[in-house]
Amino acid sequence: MLHFGKFAAAFTVAASLMAGTAAAQTMLRSSDTHPDGYPTVEGVKYFGELVKERTEGRYSVEVYHSAQLGQESDTLEQVRTGVIDLNRTSMGPWNGLIPETTIPSLPYIFRSVEHARKVMNGPIGDEILAAFEPHGVVALAFYDGGARSFYNSKKPIESVEDLKGMKFRVMQSDIFVDMVAALGASATPMPYGEVYTGIETGVIDGAENNFPSYDTAKHAEVAKYFSLDEHLIVPEVLVMSKLTWDRLSPEDQEIVRKAAKDSVEKQWELWDAQVAKSRGIVEAAGSTITQPDKQAFIDAMKPVYDKHVTDPKLQDLVKRIQETQ
Ligand code: GTR
């Protein structure tokens with residue numbers, strides 16, 4: 001009996017230790033379309049380290065990079081239904097679902113990357129973060145996705161006229177389709193992972209993105225002409241599934257929110273370094289970079305604003321963003 005009692009006690013201790021261990025290691029799964037080492041992937045990893053440290057190891061984050069969990073637009077549903085806990089994406093794919101996300105996705109809404117950083121990390125950004133919540137996710141922070149420009153396999157672009165009749169891939173959002181149409185070209189929404197082959201086989205003439213994507217997705221190999229028109233500065237967003245969020249204690253929710261915000265500056269640093277590095281790589285590999293006059297591009301965007309910014313609430317958001325110095 002005594003013997004059995006000892007055994008039972010030992011068993012109880014082991015079981016509680018095991019339970020303790022399980023609780024100590026809730027791993028949160030996060031998706032990213034980019035390869036390991038890309039600034040968004042590293043930003044989320046850094047966020048994970050902060051979460052792990054501040055929850056004393058109870059929570060950690062694993063980033064499934066390189067679209068291991070699917071193409072970006074498909075992963076939105078996974079995070080909304082709790083199949084994955086976290087997701088880092090562009091704002092673009094959220095446009096069809098959350099009206100507030102369309103505003104930072106408008107062409108030339110931001111004057112510069114600095115302007116975007118200021119807006120998205122201030123009260124306007126917090127307002128846009130809050131707009132995600134009724135849609136099954138808690139948006140935690142915005143990261144930098146830099147400025148996006150057109151690149152193609154056919155010819156250098158020196159002006160809006162040069163784009164006429166060309167075919168470009170865009171992210172899945174009507175704003176980007178209309179933006180390309182307003183420039184006299186045509187747009188094909190297509191998953192990021194299909195762009196390389198699309199250009200290589202001539203299904204599209206080119207695409208539009210920032211230097212880090214143009215470089216790391218190897219688009220520069222098949223589209224040598226990059227025109228620095230910087231038509232979009234679309235922020236990246238890190239979201240958590242509402243189902244995961246609701247399982248966290250209020251204290252842990254606070255830790256997660258703060259860790260995400262605290263990872264932003266680190267991501268900016270990594271971003272700036274990657275932009276310089278990627279630009280160097282593509283130039284050395286023979287990409288031609290042209291600098292068209294931006295004003296003609298800006299002027300061409302009026303129909304896009306007229307069509308997509310009709311709600312007075314969104315018009316006010318545009319105004320407040322433009323007024324932010
Ligand atoms: C990148 C962005 C990705 C993805 C991609 C795209 O700049 O970081 O999240 O949206 O663009 O064009 O699909």
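All values below were derived from every heavy atom in this structure, side-chain atoms included, with hydrogens, water molecules and symmetry-related copies excluded. In each ligand, atom 1 is the first atom listed, and ligand 1 is the first ligand listed.
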request  = Looking only at distances, please establish whether an N/O atom of ligand 1 is found under 3.5 Å from an N/O atom of Y38.
outcome  = no
ask   = Between E323 and K319, is the closest basic N to carboxylate O distance under 4.0 Å?
value = yes
message = Would you say S287 and E283 are linked by a side-chain donor-acceptor pair, where the criterion is simply a distance under 3.5 Å?
response = no
remark   = H34 heavy atoms within 4.0 Å reach ligand 1 at atoms 1 (C), 2 (C), 3 (C), 8 (O)
ask   = When you check the side-chain N and O atoms of Y196 and H219, is any donor under 3.5 Å from an acceptor?
value = no
note = Of M91, M171, R148, the residue with the heavy atom nearest atom 11 (O) of ligand 1 is R148
query = In terms of ring plane angle, is the pair Y214 and Y151 parallel, tilted or perpendicular, where the classes change at 30° and 60°?
reply = tilted
message = Taking a cutoff of less than 4.0 Å between a non-hydrogen atom of the residue and any ligand atom, is G145 in contact with ligand 1?
response = no
key: Polar atom proximity, T89 to ligand 1 (N or O, under 3.5 Å)   = no
query = Does the side chain of Q78 pick up a donor-acceptor pair with the side chain of D74 at under 3.5 Å?
reply = no
inquiry  = Between the side chains of D144 and R117, is the shortest nitrogen-to-carboxylate-oxygen separation below 4.0 Å, so that they form an ion pair?
reply    = yes
query = Any idea which atoms of ligand 1 are less than 4.0 Å away from a heavy-atom of S90?
reply = 9 (O), 10 (O)
request  = Determine whether the side chains of S263 and Y143 contain a donor N or O and an acceptor N or O closer than 3.5 Å.
outcome  = yes
query = Does even one non-hydrogen atom of E208 get within less than 4.0 Å of ligand 1?
reply = no
ask   = Which ligand 1 atoms, with their elements, are less than 4.0 angstrom from a heavy-atom of S213?
value = 1 (C), 7 (O)
query = Looking at atom 8 (O) of ligand 1, what's its closest protein heavy atom, distance included?
reply = E236 OE2, 2.6 Å
note = Atoms of ligand 1 under 4.0 Å from any heavy atom of N209, numbered from 1 in the order shown, are 1 (C), 5 (C), 6 (C), 7 (O), 11 (O), 12 (O)
query = Tell me: protein heavy atom nearest atom 13 (O) of ligand 1, and distance?
reply = R169 NH2, 2.9 Å
query = Taking NZ, NE, NH1 and NH2 as the nitrogens, is one of them in K167 or D205 under 4.0 Å from a carboxylate oxygen of the other?
reply = no
ask   = Taking the non-hydrogen atoms of T40, is any one of them nearer than 4.0 angstrom to ligand 1?
value = no
ask   = N87 and T89: side-chain donor and acceptor closer than 3.5 Å?
value = no
ask   = So which protein heavy atom does atom 10 (O) of ligand 1 come closest to, and at what separation?
value = E72 OE2, 2.8 Å
